[in-house]
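Notes for the one structure printed next.
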Amino acid sequence: MTYPVNLDIKPDVHAFFDPATNTISYVVKDPASTACAIVDSVMDIDYAAGRISFDHADEMINYVRANNLTLEWLIETHVHADHLSAAPYIQKQLGGKIGIGRNITVVQDTFGKVFNEGTEFQRDGSQFDRLFDDGDTYAIGAMQCFAMHTPGHTPACMTHVMGNAAFVGDTLFMPDGGSARADFPGGDAGELYDSIQKVLSLPDETRLFMCHDYGPNGRDIMWETTVAEEKANNIHVGGGKTREDFIKFRTERDAQLDMPKLIIPSLQVNMRGGDLPPADDEGNRFLKVPVNGL
Ligand SMILES: [Fe+2]
């Protein structure tokens with residue numbers, strides 16, 4: 001697959017860090033128009049209290065409005081397991097199409113079973129406006145963008161390249177953070193290694209934007225690096241580490257990791273494109289907890 005890379009287009013990228021989940025959401029603006037996209041938005045949840053709110057999403061909505069931008073796309077790099085998407089909430093206020101990788105259907109099938117969903121839960125990706133295949137192109141204003149299928153963390157993971165900026169989702173972290181875990185259902189360490197090589201085959205000066213940062217070793221939160229920096233310095237895949245080394249290391253590390261705190265609500269909402277499960281007759285909504293299901 002050859003991808004239509006064009007580093008001459010330099011979008012404005014504005015980051016919004018969510019300290020509750022260490023997620024970075026982005027507004028990406030076409031330099032030639034007022035069109036923009038939002039990548040990986042966050043819905044706030046107090047899981048202990050079963051309460052949702054939208055302070056983080058409202059901040060992004062206010063930014064889009066204050067700068068008179070037109071929202072054309074709401075991109076989900078994947079079905080997140082550590083935060084809930086606010087894409088439908090933002091779409092109601094600003095418009096735009098919600099897009100995710102085609103393999104969302106695989107993820108829906110897996111977690112439809114885990115959460116014992118009935119037949120009303122569609123497993124065909126129809127909750128989304130666009131399902132991306134590897135190499136698919138789309139436009140934000142005059143800026144041509146494309147999606148690269150980068151599975152391994154999950155089967156539906158995509159890296160979205162917009163001009164000289166690539167949004168890598170959960171493939172790579174900053175060089176001192178390494179890589180994402182590959183032990184969720186449908187994850188695969190070898191596939192993740194191959195996907196990371198795909199990202200690193202973009203031109204050296206491509207700007208890479210992370211979905212998460214945890215500030216390893218006490219440093220400040222960061223979210224932007226380049227292909228060249230990752231190739232040279234990434235602690236899990238940089239400096240020519242082999243596929244075998246990576247699979248061994250990743251598998252051993254993942255076996256020691258706890259489940260993300262918000263995995264249970266996140267999956268149920270995000271596999272529905274960011275919507276809560278349907279309301280009962282009184283209008284109440286509920287999330288399930290599968291006992292020993294994960
Ligand atoms: Fe993730």
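Hydrogens, waters and symmetry mates are skipped; everything else that's a heavy atom, side chains included, is used. Ligands are counted one by one from 1 in listed order, and the atoms in each one are counted from 1 as well. Keep in mind that this is a model prediction, so the values were computed, not measured.
- Identified under the ring pair (Phe, Tyr, Trp, His ring centres under 6.0 Å) test for residues 242-285, with sequence neighbours left out: Tyr193-Phe246, His236-Phe249.
- Within a 6.0 Å sphere centred on NZ of Lys261, heavy atoms belonging to other residues, nucleotides or ligands number 12 at most.
- The pair Asp194-Arg243 meets the salt-bridge criterion, since a charged nitrogen lies less than 4.0 angstrom from a carboxylate oxygen.
- Phe146 meets the ring-ring contact (aromatic ring centres under 6.0 Å, His included) test with Tyr3; sequence neighbours excluded.
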Under 3.5 Å, which donor-acceptor pairs do the side chains of residues 11-19 form with other protein atoms, sequence neighbours left out?
| residue | atom | partner | partner atom | Å |
| --- | --- | --- | --- | --- |
| His14 | ND1 | Tyr63 | OH | 3.4 |
| Asp18 | OD2 | Thr21 | N | 3.3 |
| Asp18 | OD2 | Thr21 | OG1 | 2.6 |

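- Near the Fe ion (ligand 1), less than 2.8 Å away, sit the protein N, O or S atoms His78 NE2, His153 NE2, Asp170 OD2.
- Using cut-offs of 30° and 60° on the angle between ring planes, the pair Tyr214 and His212 is parallel.
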